[in-house]
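Presented below is the structure to which this report refers.
Atoms within each ligand, like the ligands themselves, are counted from 1 in listed order.
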Amino acid sequence: MKNWAVENGATHYTHWFQPMTGVTAEKHDSFISPAGGGKIIMEFSGKELVRGESDASSFPSGGLRATFEARGYTAWDPTSYAFIKEGSLCIPTIFCSYSGHALDKKMPLLRSMDEVSRQAVRLLRLFGDTATKRVIPQVGPEQEYFLVDKKLYNQRKDLRMTGRTLFGAKPVRSQELDDHYYGAIKPRVAAYMRDLDESLWALGVLSKTKHNEVAPSQHEIAPIYSDANTACDHNQLTMEIMKKVADRHDLVCLLHEKPFAGVNGSGKHDNWSLSTDTGRNLFNSGSTPSQNAQFLLFLAAFIKGVDDYQDFLRATVAFPGNDHRLGAQEAPPAVISIFLGDDLGNLVTSIINGTEYEEIGKRTLQIGVDSIPAIPLDNTDRNRTSPIAFTGNKFEFRMPGASQSVSGPNIALNTIMAEELQQFADILEESVDFQADLHRLIKRTFTEHQRIIFNGNGYDDAWIAEAEARGLANLVSTVDALPLYAAPKNVDLFVRHGIYTQEEMAARAEIHFENYSRIVSIEANTMIDMLRHEILPAVSDYADQLCQRAFHKEAMHIPCEYDRSTAKELGRLTDALMAACSKLEADMAQKPADTISAMAYCHDVIIPDMTQARRIADELETITARKYWPFPTYSELLFSV
Ligand code: ADP
Ligand code: MG
């Protein structure tokens, strides 16, 4: 590895890991070692490859690592490729505490991959598969993003501090014309995308698809899918490189879920499936009855798992940025359901009802290893409103946000699946009449969990009412969803499967809770800063200018109604804005110290204060002369590239 790295220009190596901040961390050491006589050699030992030790006291641990035990340990993950980035050999590693607690997002992901494999293989054996040694979760994350001009970006404190605009009146034109989606790519963006592809390929990231998205300045990139661990590493790397390449092009890449109010936000669709080490996708309906029965069993496990743990899945995508997106009629609603499409939906219904399934001739559907012929599946997916869609041979989980690591959602999908597969294997391994028990199990599972299947329009208000009637959870915001992360049934699931210990889970919940009020507080403070130092002085200046003009005009008997009435309106709104700003400041000063109350307080008090201040500021923007407005507007930001 050292020779390869040095041949490719590397002078340093680093253990590359994914602490619970959600971004990656690295600490570089050079290969240099003194060789006596004033000489050096380039050296790299097996020990340095395999294990690292770092002062990790500043990474969030949620209380897992008492500060007196500040050391963190990194250990080589040989299942993910090392790569060379900016002169350093980067070695993917897990990151844990002295006591072995996971302090990162990789270790539990690897554990969950092992566990789902173990349970899946048990079932495959029952279908006579003796060749498969391992089942591997496959993931292809589609990454949405915005590009804005760097010069304009630098003039917006909100974008720099929080990643999103805290102010901005609706532009005269936005995405109404639907002309951006899949539209021709502009030269500057094309140059960025080309550079990005090449930079990613050089790192071994198989970037594949790129196109314009719905909103102006919004785009998407997707890689060729790979095992969940590599996919997660590569997505983290992709996000980093997207930002660096943008900088070279005098652009800034925004990964926030909602950089602009009133304009579509950015998500990260997590395409997920299971395949065997022999290359077979377990969500492919097969060409033989036995393969199809097995497909239906895995499908049943997925449906049951999502129904049983819908609250936990929701919690894995709960954070402030995503709150602006989910349920806003542009991304999936906050209610979790599964879209199966007509063909598969009809098949499931016919199994539940024991009725004839039209596609396969007039006979009652019998699931078993020698019944059910080929299942015709339409894998075009026309429903973009569903949180989880079956798309031919994989599931697309559409709730994750653009900035988030896909580790959390995939740990959840793998573990939930492992749990259901384990329950099924426990039943079927004991079976004396496999055919009959298999049929009964699939039918019963579909029947008991059909409430989670929904093929209609997820944006429809009627669906939210119906979902509630079906007993599905509607966890509207992070504040509703996050506490379920620590619900006993969910903790029990992960502890039972050895994915997290109880302490690891509590630590993670604590970090998520804390993050929520931290992010909202940074936004509130940035807002106050921009109001006090930029917006209020600017609108006051403009009003003053109007008054002077009116004064001079009046002296010369020139009509000046525009100046007068605008100044008056500015005065009224400016005072209202000052009051809103003062209220926000006063409320921020009252923020409770403990994490749980702070979270609720931010949601119930601070966010409404911010909404009110923004509403007034945006109204002021619409009547203020452009040259007085202190920073670039939405039109400028969205149509500049
Ligand atoms: P769309 O936008 O139509 O949903 P894309 O081509 O943008 O499709 O993205 C689909 C993603 O799903 C790609 O990353 C692709 O590699 C991935 N994918 C395809 N097949 C599978 C599979 N069996 N398991 C997991 N991911 C898959
Ligand atoms: Mg796509």
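- Of the candidates Tyr225, Phe395, Trp272, it is Tyr225 that places a heavy atom closest to atom 16 (O) of ligand 1.
- Below 30°, between 30° and 60°, or above 60°: for His512 and Tyr485 the angle between ring planes is above 60°, a perpendicular geometry.
- Between Asp149 and Arg188 there is a salt bridge, with a side-chain nitrogen of the basic residue lying less than 4.0 Å from a carboxylate oxygen of the acidic one.
- Within the 4.5 Å cutoff, the side chain of Leu493 has no heavy atoms near those of the Ile499 side chain.
- Applying the 4.0 Å criterion to heavy atoms of Glu396 picks out, from ligand 1, the atoms 4 (O).
- Residue-to-ligand polar distances place Glu142 within reach of ligand 1: an N/O pair is separated by less than 3.5 Å.
- Nearest residue to atom 12 (O) of ligand 1 from Asn271, Ile224, Val139, Ile221 is Asn271 (criterion: closest heavy atom).
- Proximity to Glu220 (heavy-atom distance under 4.0 Å) selects the following atoms of ligand 1: 7 (O).
- The ligand atoms of ligand 1 that sit less than 4.0 angstrom from a heavy atom of Ser273 are 22 (C), 23 (N), 24 (N), 25 (C).
- Counting only N and O atoms by type, the side chains of His219 and Glu213 include no donor and acceptor under 3.5 Å apart.
- Under the 4.0 angstrom criterion for non-hydrogen atoms, His269 is not in contact with ligand 1.
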Legend entry - Intermediate values then yes/no, salt bridge (Lys or Arg N to Asp or Glu O under 4.0 Å), Lys85 and Glu26: CA-CA 11 Å; Lys85 182 163 68 74; Glu26 44 196 70; 3.1 Å; yes
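- Under a 4.0 angstrom heavy-atom cut-off, Lys208 registers as lying outside contact with ligand 1.
- A salt bridge is absent between Arg325 and Glu257: the closest approach of a Lys/Arg side-chain nitrogen to an acidic carboxylate oxygen does not fall below 4.0 angstrom.
- A perpendicular orientation is assigned to the rings of Tyr192 and His249, their planes being inclined by more than 60° (bins at 30° and 60°).
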Inset, instruction - Kindly indicate, with the supporting measurements, whether the criterion salt bridge (Lys or Arg N to Asp or Glu O under 4.0 Å) is fulfilled by Asp277 and Lys133. - result: CA-CA 7 Å; Asp277 55 356; Lys133 292 198 184 66; 5.6 Å; no
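- Atoms of ligand 1 found under 4.0 Å from any heavy atom of Asn281, numbered from 1 in the order shown, are 23 (N).
- Distances shorter than 4.0 angstrom do not occur between any heavy atom of His211 and any atom of ligand 1.
- Some N or O of Pro223 is nearer than 3.5 Å to an N or O of ligand 1, by distance alone.
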